[in-house]
Structures are given as structure tokens and as C-alpha cells.
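Working notes for the structure below.
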Amino acid sequence: MKKMEKIKNILIFSILFTGVFLAAYWNTNQAQALIIPPQFSNLLSDSANYISQMGTPVKPAEGVTLGPVAPWGTSIIHIQQPQASDCGGGASCSTLNLVPDYSKMQAWNSDGSRLLLIAGNGFWHLYNGNTYTWIKRLVSPALRYDGQDLEIRWSHTNPDVFYYVSGMALYSYSISMDISTVAHTFSCVGAGYTCANIHNGDEGNQSEDDRYWVFYAQTGSPDWKAKEIIVYDKQTEAIITQKELTNSNLCISSGPGACPSTPNWVGMSPSGNYVIIQWNLAYSFDSQYIRGSGTELFDRLLNYQGMLASNYYHGDVGYDINGAEVYVSPWNFLLSADNKRMKWRKLSDLSEGYVELPLMPSYHVSLRNMLGSARGWALMSTYSSISTVPSGWGQLELFFVPIDTTQAISASGWRRVGWTYSIRNNNYAAEPHATPNRDATKILWGSNWLINGGQVQPYVTELSTTSDTTPPSAPTGLTIQ
């Protein structure tokens with residue numbers, strides 16, 4: 001009898017434990033309700049309808065704010081051009097393009113007090129990140145384009161410092177001291193060639209703690225061929241791994257994507273746990289990915305982890321709204337249905353999500369908003385290759401899409417910011433290349449204000465007059481004086 005009672009108790013306990021476990025599993029694995037960041041609360045969420053572009057507002061004078069612009073309810077600040085004597089190189093400021101470098105480059109420093117823009121003559125200009133007043137042109141010869149892109153990246157931890165590349169070296173630059181310092185000089189390890197430059201391909205970033213970096217090294221004139229991939233630990237000043245592009249982990253022996261494939265860009269994931277390599281080849285066959293093509297994922301030791309996309313189109317690496325690292329990109333070519341999808345893949349397990357767009361405009365994507373409640377919202381900036389103002393959903397627009405690998409994203413979750421007023425028409429600089437600041441309270445982009453072939457100038461939309469309302473961490477080490 002006691003034995004039967006004991007068995008009964010065990011069964012009851014097992015059922016209760018299983019129920020509690022399943023309930024916990026259900027609660028932790030179900031999609032959570034989408035939380036709209038406070039700075040997005042007043043943005044339009046009508047993602048299904050085309051908003052007619054009813055004429056073109058008069059372009060605001062430099063330093064002047066336009067708006068709120070109907071129907072968006074957002075305002076546009078026209079950033080001032082440098083004075084004529086400050087453009088450099090004998091260029092005229094009245095015709096010189098002044099733009100954000102790229103959507104995947106964070107334009108603001110780590111505390112938001114400074115902003116970098118690049119001019120069409122290769123000079124970089126430093127602005128106040130809050131008032132948008134011009135501070136100075138970076139006049140050092142080392143900080144001007146000379147055939148090798150500098151690939152300037154702000155430090156994520158020190159507001160006074162940015163990093164850049166020149167030759168085979170990574171440099172740090174102090175804004176306050178106006179001094180460049182060599183962080184590390186690299187060299188190639190393979191036989192039969194000498195490398196002249198390191199690159200991330202203009203699109204890669206270091207890890208969010210500034211510790212991990214990845215570059216491809218290439219030979220000099222006349223062939224300029226990529227030869228090796230280098231992963232570097234700046235904290236320990238050590239090479240983590242360095243592999244020739246003929247390494248079996250990086251490419252295949254024959255066919256499309258055969259060694260040596262050429263990188264389009266390389267970058268670290270925000271955590272520094274992964275390396276992303278995008279190749280200058282998009283290829284798929286029978287719905288199977290081919291190694292050495294598209295966009296691929298590796299660990300820090302350059303061990304292959306999987307394919308992120310079969311294409312080499314615009315994409316960025318960041319976080320989804322749950323804090324998981326993701327790669328976000330346009331369609332993948334493998335399915336015709338993908339032609340109207342923006343897709344993402346979770347780096348840890350390659351699980352996939354997407355949103356359906358009413359149409360597929362050309363666009364850039366940015367996940368540079370790594371802080372606060374807007375982390376995980378991708379900023380899209382669309383553009384058109386035609387010479388006239390296009391009609392259709394989402395054309396010449398700025399909008400945010402929440403990235404979530406646990407659920408389908410409803411169109412009602414998107415938040416639309418406004419128009420870019422920029423027509424590309426074979427002018428690459430006229431693509432808006434919009435980038436948010438670190439907490440997505442500000443958006444920077446370039447525009448020719450619908451003048452075909454016109455000067456491209458910088459504009460900012462502020463979504464909040466204050467910083468993100470997410471409470472900061474409690475300070476430590478304070479003493480009472």
C-alpha cells in the first residue's frame with residue numbers, strides 16, 4: 001500500500017513538474033508583444049499605403065529647420081556647409097557634395113558630441129553632433145583619400161578617438177590632440193607576393209568593445225588582388241588568425257566561388273564572436289548555396305559556420321529586438337518570393353526571418369543604433385535609379401523595421417520617418433546612405449533635394465529632443481566632495 005502511495009506521489013510530482021516546465025518553456029519561447037521605442041511613438045505606421053509626394057517643399061536654408069512636414073510630422077535640419085576657405089583643395093563649397101560616408105558607418109562618436117561627414121574632394125569635416133555647427137576640416141595628409149579608403153570608424157568606447165587604415169597599418173586618431181598613432185602594422189604571411197594595403201571593404205565594423213577587428217590584405221599596383229584575411233585582437237595586440245584566401249575554410253577548389261574568391265567586405269559581429277565575409281559573387285544552384293559566394297559567416301578563427309545570404313547586396317550586422325546578433329539583407333535570389341522580402345538570419349543558429357514589402361525599392365540598411373530601446377530596429381533608406389520622382393510605395397523614404405527572429409513581423413510594426421528628397425540617376429553620392437545615431441533619436445542622410453545631378457548636402461531628422469528614455473545604468477566610483 002505504501003509502495004502504491006509512493007508511486008502515486010511520484011506520478012503527481014512528475015505531472016506537476018512537467019506542467020511547470022512546459023509553462024516556463026512556453027512563456028520564455030513565445031513571441032513577446034512588440035514594444036515601440038518612445039522616440040518612434042509619433043511616427044506614421046501606415047506601411048501598406050503609398051503616401052503621395054505632393055510637390056516638393058522649398059529646401060530649407062543651411063542651418064534652418066523645415067517642418068513639421070506633412071503628413072509625416074517630422075522636421076528636417078539642413079546642416080551648414082563649410083565656409084569657402086574651409087573646403088580644401090581649391091574646391092567650391094557651393095557645388096561640393098558633403099555626405100555621410102555610408103549607412104553602415106556610425107557618423108556620431110560614442111557620446112554623440114561629434115559628427116563626421118566626407119566631402120566630394122576627399123576631405124573629412126568634423127561637426128558638433130548636437131548643434132550641427134562646423135568645427136574643422138581634418139587637414140592631415142594622412143586623413144585624405146589618396147587611392148586607399150581610410151575606412152574611418154569611431155571608437156565605441158572613447159568619444160575622442162576614431163580609427164582608420166593606411167597602407168598595412170591600423171591607426172588611432174585623437175580629435176583633441178590632432179595626433180595619429182599606429183595601433184598595429186600588419187604583414188602578409190604567404191609566399192610569392194607582398195601586400196600593400198589592408199581593408200574592410202568600406203562596410204565592415206569592429207566589435208562593439210573595439211577589441212576585435214578583421215581586414216583583408218591585398219597586393220599593390222597593378223593587380224590590387226586580395227590575398228589574406230586577418231583577424232586581430234587590439235586588446236592583446238595579437239593576431240588571432242590569418243589565412244590565405246586559398247585556404248579550404250574560405251573557398252572551394254573549383255567552379256563558381258573557386259579560390260581565390262575576392263571579398264567585397266569583411267566585418268566583425270558586435271560581440272566579436274563572428275566574422276562576416278561578403279564575396280564579389282552571387283551564386284546559387286538548385287536552391288543550394290555555393291561556398292565562396294554571397295555572404296558567409298565564420299567564427300573568430302575563420303572556421304566556416306554557414307551562409308547568410310546568396311547575394312552581395314546591401315546588408316548590415318547588428319542585433320534584433322531580443323538582443324540576438326543578426327545579418328539583415330534584401331532578397332536572396334533562391335526563391336522568386338524573396339524578391340519583395342527583407343530577410344535576416346540569426347548568427348548563432350542561422351534561423352531566418354523576413355518581412356514582406358509592398359514592392360522592392362533599392363535601399364540601404366543600417367543597424368548602427370546599438371543602444372537603448374530602439375536597438376534591433378533596422379533603418380531603411382530607399383532610392384531610385386531613374387531621373388524623375390518615382391511613384392510607388394516606399395520610394396525615396398526613411399523608415400524603421402523591427403527585426404525579430406522569434407515571430408513574423410507585422411506591417412503595423414513599421415515606423416515611417418519621411419522622404420529623402422534625393423534622386424540618384426547614376427550619381428552614387430545622391431543615394432541617401434542614411435545612418436541613425438546610437439540610440440536612434442537622430443537620422444543623418446544626404447539629398448540633392450530632387451534636383452537631378454544637383455549638389456548633395458547633409459540633413460538630419462531628430463525624432464526626440466532628448467536622449468532615449470531607457471534609464472542609464474547606475475554610476476559607480478562616485479565620491480562626495
Lys NZ or Arg CZ of Arg114 over Tyr127 ring: under 6.0 Å, within 45°: no
Side-chain donor or acceptor of Ser113 paired with backbone N/O of Gly129 under 3.5 Å: no
Point-to-point distance, once rounded to the nearest 0.5 Å, from CG of Asp86 to CD1 of Ile135: 12.5 Å
Stepwise side chain to side chain donor-acceptor pair (under 3.5 Å) test for Ser174 and Asp160: CA-CA 6 Å; Ser174 167; Asp160 186 54; 2.7 Å; yes
His184 and Phe186 aromatic ring geometry - parallel, tilted or perpendicular at 30°/60° bounds: tilted
Nearest atoms (heavy-atom pairs only) where Ile175 meets Lys136: O-NZ, 3.5 Å
Pairing residues for Thr295 by the side-chain hydrogen bond (donor to acceptor under 3.5 Å, both in side chains) criterion, not counting sequence neighbours: Gln278
Polar side-chain atom of Glu228 near backbone of Val189 as donor-acceptor pair, under 3.5 Å: yes
N/O donor-acceptor pair under 3.5 Å between Thr461 side chain and Ser75 backbone: yes
Closest non-hydrogen atom pair, Gly315 against Trp265: O-CZ2, 4.5 Å
Any side-chain donor near an acceptor of the partner, Asp210 and Ser155, under 3.5 Å: yes
Expected output: side-chain Trp279 to main-chain Asn264 donor-acceptor under 3.5 Å: no
For Leu245 against Ala226, the heavy-atom pair lying closest together: CD1-O, 3.3 Å
Derivation of the side chain to side chain donor-acceptor pair (under 3.5 Å) call for Asp202 and Asn200: CA-CA 6 Å; Asp202 293 326; Asn200 64 36; over 6 Å; no
Ring-face cation contact, Phe123 with Arg137, 6.0 Å cut, 45° max: yes
Rounded distance [0.5 Å steps], OG1 in Thr157 versus CD in Gln206: 8.5 Å
Sidechain N-carboxylate O distance under 4.0 Å for Arg368, Asp316: yes
Side-chain touch Phe399/Val417, heavy atoms, less than 4.5 angstrom: no
Salt bridge flag under 4.0 Å for residues Glu325 and Lys346: no
Salt bridge Glu397-Arg416, side-chain N to carboxylate O under 4.0 Å: yes
Aromatic centroids of Trp377 and Phe40 separated by under 6.0 Å: yes
Reference residue Ile403; test side chain to side chain contact (heavy atoms under 4.5 Å, CB included); the match among Val365, Val328, Asn322, Ile321: Val328
Pairwise distance OH(Tyr274) to CE(Met268) - rounded to 0.5 angstrom: 11.0 Å
Step-by-step ring pair (Phe, Tyr, Trp, His ring centres under 6.0 Å) determination, Tyr459 to Trp449: CA-CA 10 Å; Tyr459 297 85; Trp449 213 258; 5.2 Å; yes
Donor-acceptor under 3.5 Å (Asn121 side chain, Cys87 main chain): yes
Lys225 NZ: over 12 foreign heavy atoms closer than 6.0 Å: no
Residues in side-chain hydrogen bond (donor to acceptor under 3.5 Å, both in side chains) contact with Lys243, at least two apart in sequence or another chain: none
N/O donor-acceptor pair under 3.5 Å between Trp414 side chain and Pro402 backbone: no
Stepwise side-chain contact (heavy atoms from CB on, under 4.5 Å) test for Leu115 and Ile79: CA-CA 11 Å; Leu115 176 70; Ile79 296 179; 4.1 Å; yes
Derivation and outcome, side chain to side chain donor-acceptor pair (under 3.5 Å), residues Ser269 and Tyr212: CA-CA 9 Å; Ser269 70; Tyr212 298 109; over 6 Å; no
Heavy-atom pair with the smallest gap, counting every atom of Lys442 and Val460: CB-CG1, 4.4 Å
Tyr216, Trp213, Phe298 screened by side chain to side chain contact (heavy atoms under 4.5 Å, CB included) with Val266, the one that passes: Tyr216
Shortest non-hydrogen separation from His78 to Pro458 and the atoms involved: CD2-O, 3.7 Å
Verdict with reasoning, Leu297 to Met307, per side-chain contact (heavy atoms from CB on, under 4.5 Å): CA-CA 6 Å; Leu297 182 69; Met307 181 72 76; over 6 Å; no
Shortest non-hydrogen contact from Ser103 toward Ser366: O-OG, 2.8 Å
Exam field: side chain Asn448 to backbone Ile423, donor-acceptor pair closer than 3.5 Å: yes
Verdict with supporting geometry, Thr133 and Asn128, side chain to side chain donor-acceptor pair (under 3.5 Å): CA-CA 5 Å; Thr133 54; Asn128 184 297; 4.7 Å; no
Any donor-acceptor N/O pair, Arg438 side chain to His156 backbone, under 3.5 Å: no
Test log, rule salt bridge (Lys or Arg N to Asp or Glu O under 4.0 Å), inputs Glu244 and Lys227: CA-CA 6 Å; Glu244 295 182 74; Lys227 293 293 185 179; over 6 Å; no
Leu347 CG to Ile276 CD1 distance, which is reported to the nearest 0.5 Å: 5.5 Å
Side chain proximity check, Ile230 to Ile240, heavy atoms < 4.5 angstrom: no
Six-ring centre of Tyr319, Arg375 cation under 6.0 angstrom, axis tolerance 45°: yes
Side chain Trp224, main chain Gln218, donor-acceptor under 3.5 Å: no
Arg211/Asp233 ion pair, N-O < 4.0 Å: yes
Beyond-backbone contact of His125 with Leu138, side-chain heavy atoms, under 4.5 angstrom: no
Chi angles and distances behind the side-chain contact (heavy atoms from CB on, under 4.5 Å) call for Thr194, Thr219: CA-CA 6 Å; Thr194 301; Thr219 58; over 6 Å; no
Test item: Val456 and Leu98 side chains (from C-beta on) under 4.5 Å apart, heavy atoms: no
Gap between atom OG of Ser422 and atom CG of Leu396 - 0.5 Å precision: 7.5 Å
Geometric class of the His433/Tyr102 ring pair [parallel <30°, tilted 30-60°, perpendicular >60°]: tilted
Ring geometry between Tyr428 and His364 (parallel below 30°, tilted from 30 to 60°, perpendicular above 60°): perpendicular
Gln106 (side chain) donor-acceptor with Trp108 (main chain) under 3.5 angstrom: yes
Spatial distance of atom CG (Leu367) from atom CG (Asp320) [nearest 0.5 Å]: 10.0 Å
